[in-house]
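Down below is the structure, laid out as structure tokens.
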Amino acid sequence: MRDAGKHDCLIEIRLDCLAADALKNLAPLRALLAACPQPTIITFRAAAEGGRCDADYETRLRFWRDEGLELPAKLVDLELDIAEQLNREAGSVDWSRVICSYHNHVEVPAELNQIFKRLAATPARALKVAVRANDAVDCLQIFDLLEQAKRAGREIIAIGMGAAGVATRILGPAHGAFLTYASLADRRATAAGQISIEELTSIYRVEKISSETVITGLVGRPVGHSISPQIHNAAFASSQTDAVYIPFEVRDLKAFFKQMVHPRTREIDWLLRGLSITAPHKTEVLAQLDWIDEAAREVGAVNTVVVEADRLCGYNTDAGAFIAPLKNRLGPLNDARVAIIGAGGAASAALYSLKTEDARATIFARDLHKAQQLADRWAIECRELEHAVFGEFDVVVNATPLGTSGELENETPARARQLRGARLAYELVYNPGVTQFLREAQAAGCETLGGLPMLLTQAAKQFQLWTGLTANSDVMQTAAIKALSNSNV
Ligand code: NDP
């Protein structure tokens with residue numbers, strides 16, 4: 001309650017989260033509602049719609065009929081079946097206080113339009129549809145619903161639950177939603193994919209988003225761990241650019257590009273300007289584009305898409321971003337001996353940029369057969385990672401995910417004894433800031449370089465491609481460091 005007082009918002013109080021006997025005597029609840037610093041919405045969610053208690057339909061109906069509707073809340077959220085029944089009874093319901101709602105925690109149901117019609121047949125002040133988005137493209141149906149309600153002259157809240165539905169929470173109000181939902185803090189998120197009010201207001205600046213706002217975002221799966229929204233949105237805010245950067249959790253890349261991205265085929269009216277592309281879509285995305293830059297073609301991966309009139313252009317900003325921090329540290333790299341551990345997309349981008357610098361690269365991989373293809377492409381040597389020693393190299397790069405926060409955090413592709421004699425250890429993992437690989441390198445007496453400069457360099461290039469402006473790198477770095485420290489608490 002104290003936290004809620006800091007924000008200009010309505011507060012939803014979930015009666016189904018209270019202890020079972022709390023509704024026997026409503027005096028404390030009345031006092032709580034009266035003391036609430038903000039106007040409230042009360043709801044008594046059915047278990048079938050995600051409620052946290054097992055009160056059956058009859059119990060909930062009796063509660064609303066007897067006392068619930070008299071509670072001093074600004075709005076009451078009634079499920080569709082309860083609202084329909086109360087409407088049939090023609091009792092004294094103040095419908096100007098009612099939100100009539102439908103929730104589905106599994107999917108966007110095929111009968112969404114019929115459900116909307118039933119909701120719209122009630123005299124409720126506002127309608128609410130909260131359905132599970134399992135793929136970002138599911139958001140289309142939710143945005144459609146907002147349009148449908150607008151045409152019908154009805155207020156509606158339409159939300160895609162789950163990580164794939166985050167766009168509907170951020171863009172909903174700009175598409176005419178009556179309101180959007182956020183949790184008071186991350187750890188207290190009440191619905192899957194719900195973001196905190198702090199994120200919604202200070203990172204996504206939801207109050208400033210309108211139909212004129214330029215849309216950018218991150219396409220991948222998963223995307224929830226990414227700090228790119230913090231980095232790009234901070235850069236937009238500091239340059240006073242009317243743009244927002246949104247995470248899109250995408251399974252079916254082809255459908256997403258066809259229905260939501262490509263200007264010639266998309267089914268949504270929005271000012272989409274560009275996208276970052278991350279795992280697992282960096283290669284698959286090539287087939288969706290009209291033009292691809294040389295680095296992306298050579299690397300075989302695109303991490304940046306720019307919408308140019310009715311065309312989609314693909315770039316690889318990882319390649320340049322890999323090399324810039326390295327050259328800043330070591331100067332010219334011609335003839336530098338560089339060991340790349342790993343043979344995936346980041347290794348490929350690194351090899352392309354090392355080639356352009358005339359450095360001498362060697363790949364180290366656990367699966368020589370797979371890595372050989374990459375080595376052949378760049379005409380370089382490929383060695384077994386197990387038992388490798390790196391003393392002959394100027395630079396040793398970790399281009400594997402080993403060391404990434406979470407399950408892999410304590411792992412490293414090389415120990416101190418293997419790294420001894422190498423000049424610099426370059427870690428591409430950026431979260432955490434100091435990985436086990438970097439600790440081993442320090443113990444071996446190597447210089448170290450972390451993955452954050454690469455991340456920030458590629459983000460700055462994306463920002464420039466989308467806006468034509470130079471990114472404020474200090475702002476991006478501050479936002480990234482803050483996001484990393486928040487993600488590690
Ligand atoms: P990919 O999945 O394309 O490639 C990962 C590579 O690591 C594969 O060659 C894989 O081998 C290898 N690997 C995975 N696990 C192990 C292991 N236990 N032992 C040895 N090798 C292993 O990922 P990316 O190349 O896209 O990314 C690699 C890392 O670089 C990630 O952590 C990513 O976050 C980071 N990165 C950082 C960027 C930045 O801006 N700082 C930009 C891009 C990436 P196999 O093929 O045998 O599975």
Side-chain angles (χ1 to χ4, degrees), residues 218-228 231-232 276-285 295-296 299-304 315-326 339-353 362-375 377 382-388 390 396-415 418 425-438 448-463 473 476-477 480-481 483-484 487:
L218 172 66
V219 170
R221 182 167 53 88
V223 287
H225 65 286
S226 172
I227 61 167
S228 293
I231 295 173
H232 281 292
S276 310
I277 310 290
T278 190
H281 299 309
K282 283 185 182 181
T283 301
E284 194 192 345
V285 74
V299 173
V302 159
N303 76 329
T304 310
Y315 299 81
N316 188 306
T317 66
D318 281 340
F322 167 83
I323 213 76
L326 199 53
I340 306 277
I341 309 178
S348 181
L351 288 170
Y352 166 77
S353 53
T362 305
I363 297 179
F364 288 81
R366 62 175 173 184
D367 182 337
L368 271 191
H369 181 67
K370 257 201 231 167
Q372 193 62 50
Q373 289 180 358
L374 191 61
R377 199 152 132 234
C382 179
R383 296 188 203 164
E384 185 83 56
L385 175 60
E386 206 178 356
H387 311 305
F390 299 98
V396 184
V397 180
N398 176 24
T400 77
L402 298 183
T404 305
S405 88
E407 280 173 18
L408 299 175
E409 187 150 348
N410 296 321
E411 300 198 24
T412 173
R415 297 283 171 197
Q418 296 170 278
Y426 185 3
E427 172 66 279
L428 301 195
V429 172
Y430 59 82
N431 187 10
V434 181
T435 60
Q436 189 58 34
F437 176 68
L438 291 181
T448 58
L449 179 57
L452 191 56
M454 175 174 173
L455 181 77
L456 293 170
T457 308
Q458 63 81 29
K461 181 69 187 166
Q462 293 185 325
F463 183 89
S473 50
M476 284 186 153
Q477 181 167 353
I481 290 169
L484 288 175
S487 77

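The analysis underlying the following values was restricted to heavy atoms, covering all of them including side chains, and did not include hydrogens, waters or symmetry mates. Note that the structure is a prediction, hence the values are computed from the model and not measured. In listed order, ligands and their atoms are each counted from 1.
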Does T435 use its side chain to pair, donor to acceptor, with the backbone of N431 at less than 3.5 Å? no
Report yes if K370 has an N/O atom closer than 3.5 Å to an N/O atom of ligand 1; otherwise report no. yes
Begin from the C-alpha positions of V397 and I341 and carry the test side chain to side chain contact (heavy atoms under 4.5 Å, CB included) through to its verdict. CA-CA 6 Å; V397 180; I341 309 178; over 6 Å; no
I'd like to know whether the aromatic ring centres of F322 and Y352 sit less than 6.0 Å apart in this structure. no
Would you confirm whether any non-hydrogen atom of the protein falls under 4.0 Å from atom 2 (O) of ligand 1? no
Among L402, T400, L428, which one puts a heavy atom closest to atom 29 (C) of ligand 1? T400
Given K282, which partner from the list N303, D318, N316 fulfils the side-chain hydrogen bond (donor to acceptor under 3.5 Å, both in side chains) test? D318
Protein non-hydrogen atom found under 4.0 Å from atom 33 (C) of ligand 1: no
Test item, A399 contacting ligand 1 (heavy atom, 4.0 angstrom): yes
Are Q436 and N410 close enough that a side-chain donor and a side-chain acceptor fall under 3.5 Å? no
Give a yes or no on whether atom 9 (O) of ligand 1 lies under 4.0 Å from any heavy atom of the protein. yes
Quick one: which ligand 1 atoms are inside 4.0 Å of a heavy atom on L455? 39 (C), 40 (O), 41 (N)
Closest approach of any protein heavy atom to atom 42 (C) of ligand 1, naming residue and atom: M454 CE, 3.6 Å
Taking E384 for the side chain and E386 for the main chain, is one N or O donor matched with an acceptor at less than 3.5 Å? no
Considering only protein heavy atoms, which is closest to atom 31 (C) of ligand 1, and at what distance to one decimal place? P401 CA, 4.1 Å
Does any N or O atom in G344 lie less than 3.5 angstrom from one in ligand 1, N or O only? yes
Can you find an N or O of G345 that's nearer than 3.5 Å to an N or O of ligand 1? yes
Distance-only N or O hit between ligand 1 and L385, under 3.5 Å: no
How far is atom 44 (C) of ligand 1 from its nearest protein heavy atom, and which residue and atom name does that atom have? A346 CB, 3.7 Å
At less than 4.0 angstrom from any non-hydrogen atom of V429, what atoms of ligand 1 do you find? 32 (O)
When you measure from the side chain of S353 to the backbone of G320, do you find a donor-acceptor pair of N or O atoms at a distance under 3.5 Å? no
Could you tell me whether some N/O pair between G342 and ligand 1 is separated by less than 3.5 angstrom? no
Point-to-point distance, once rounded to the nearest 0.5 Å, from CG of L368 to CG of L385: 9.5 Å
Would you say R366 has any N or O atom under 3.5 Å from an N or O of ligand 1, going by distance alone? yes
What's the spacing between I231 CD1 and M476 CE if we round to 0.5 Å? 7.0 Å
So how far is it from Y315 OH to T304 OG1, rounded to the nearest 0.5 Å? 9.5 Å
